[in-house]
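The sequence lines fix the lettering, A, B, ..., with proteins before strands; numbering per chain opens at 1.
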There are 4 protein chains.
Amino acid sequence: MFITIDPNDRRPIYEQVADEIKALIARGELGEGEALPPVRQLATDLGVNMNTIAVSYRQLQAEGLITIKHGSGAVVASRFAARTDEKELRRPLRNALTSFVLAGLSTGRIMQIVKEEMGELSQK
Amino acid sequence: MFITIDPNDRRPIYEQVADEIKALIARGELGEGEALPPVRQLATDLGVNMNTIAVSYRQLQAEGLITIKHGSGAVVASRFAARTDEKELRRPLRNALTSFVLAGLSTGRIMQIVKEEMGELSQK
Amino acid sequence: MFITIDPNDRRPIYEQVADEIKALIARGELGEGEALPPVRQLATDLGVNMNTIAVSYRQLQAEGLITIKHGSGAVVASRFAARTDEKELRRPLRNALTSFVLAGLSTGRIMQIVKEEMGELSQK
Amino acid sequence: MFITIDPNDRRPIYEQVADEIKALIARGELGEGEALPPVRQLATDLGVNMNTIAVSYRQLQAEGLITIKHGSGAVVASRFAARTDEKELRRPLRNALTSFVLAGLSTGRIMQIVKEEMGELSQK
DNA sequence: GTGGTCTAGACCACG
DNA sequence: GTGGTCTAGACCACC
């Protein structure tokens, strides 16, 4: 399980970690029922505060992606179980696409990039 | 010119406003050379402080999308002139797509949504 | 006499105009005793407000570069007569050089650029 | 770390502060990875409002010179990483040199001053 | 009339 | 304890 954080990324660390774990789950690299690394270990590996990782896990739990059992760690609840509303999901997508348009990329090029990114999300 | 802000949105107001204006520019609803509403007026309309809107405008100027002339308002500089790097643009796209996958949507459905959103960005 | 203003330049118009006139005087294209164009005409040519040009002229007069005679226009007072203090002049120079350093240009390249710019200032 | 602001300087305080920090970075007195003083502390030291310094820091971040980590302060990102365009840099240089010419300084004297200033920018 | 800057002070987010 | 955001209100600069 490879998770990396980028200090130059302006998103908070807990969000970077949560996003990376989401990607692992989406790709199937972390399957249903599989255990996530202990908070303490992941924190040490990444060189960040334990509380920061705890926040990431809590967020993933709130979205229904993992279950945290006191004393026995966190496990992936179920792929495709994110508690989100399609309408709410569209806004970040729209913003991302807007940036591409404003950067001057053609619709064709943008669709190509979307396909590339989708491809990486379905590898497994 | 319709701009709305959502108090439940976790993003800061100034960013919501900037994003909405970017979308208007991308869609061509705000064309090159066209004037943006005065800072104070938009602030009053949205019920927020003048400074908040000023921050939005300053950010849009820093990205090269508008030019602010001290005594005479802000105008759209040039569509497709955002100072951004394709690589930096991909991360938000990837995150947005990941959310759809985790919500259980099929690749086909996701591509359909992307096409819908792209369609709205090229209306004009 | 060619003066141009750049709407994308974030400096106030009156300052752009004053700076351009200073450059003309420094280069000798506007010699001592020579008349500046009437405020009204320059304003029309540039498509700006008359008051804006008046401010430029007033600033040039304050610096001792021109004399404004009520009713008979403005004339170049004397080249090399700017009322300025060497120490005060260094700050903008230092800032300009700092920007080059931070942009990663080598000392050699920077000195070359300085020589190029100096060359253009002594054409006449 | 010595930063001073000059109330007689026409530039806004936040810009003076940003320029001084840029100079410190260019000179190497603030090296890569080194921490900047906390916003509140610098504000108190200079006797200005916290927000004013926050604006300086935000500008430096936008130029890529520092990275701000939400709960843990601001650090120098990388010397020589300013996101700027050589052409845009020349105008301030040209204006600075013009002022020297108009003050009656000889080309030789001006080049000497440039060398002096460049020397101070490469001390470390 | 426009936008720019600055202040004092409050409350929130992050680590 | 760090920075981020927002407000209300003042005063200045520009056109």
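Checked against side-chain hydrogen bond (donor to acceptor under 3.5 Å, both in side chains), Q59(A) has the following partners two or more places apart in sequence or in another chain: E63(A). In this structure E34(A) satisfies the salt bridge (charged side-chain N to carboxylate O under 4.0 Å, His left out) test with no other residue, sequence neighbours excluded. Remark: A54(B) pairs with V39(B) by the side-chain contact (heavy atoms from CB on, under 4.5 Å) rule, at least two apart or across chains. Residues that satisfy the side-chain hydrogen bond (donor to acceptor under 3.5 Å, both in side chains) test with R11(A), not counting sequence neighbours, are D9(A), D19(A).
When rounded to the nearest whole Å, the span between CD1 of I68(B) and C1' of dC15(F) equals 16 Å. Protein atom CZ of R58(B) is 11 Å distant from nucleotide atom C1' of dC6(E), rounded to whole Å. At whole-Å resolution of the value, CD in Q16(C) and P in dC14(F) are 12 Å apart. Counting to the nearest Å, the C1' atom of dG1(E) and the CG atom of L36(B) are 17 Å from each other. A straight line from CD1 of I53(B) to C1' of dA8(F) spans 15 Å, rounded to a whole angstrom. The interatomic distance linking L42(D) (CG) with dC6(E) (C1') rounds to 16 Å, in whole Å.
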Contact pattern, 5' to 3', of nucleotides 9-15 of chain E - B, S or - by protein heavy atom under 4.0 Å:
BB--BBS
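If you check every strand for non-hydrogen atoms under 4.0 Å, V48(D) touches sugar and phosphate atoms only.
Of the possible polar contacts, none joining the E20(C) side chain to the I5(C) backbone as a donor-acceptor pair under 3.5 Å is found.
From R40(D), atom CZ reaches atom CG of D45(D) across 14.0 Å, with rounding to the nearest 0.5 Å. Interatomic distance, CZ of F2(A) versus CG of L24(A), reported as 10.5 Å (0.5 Å rounding). Distance check, rounded to the nearest 0.5 Å: CD1 of I13(A) to OG of S72(D) gives 6.5 Å.
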Toss me the dot-bracket line for DNA chain F: Watson-Crick and G-U wobble, both under 3.5 Å, 5' to 3', using | for pairs to another strand and [ ] for crossers.
||||||||||||||.
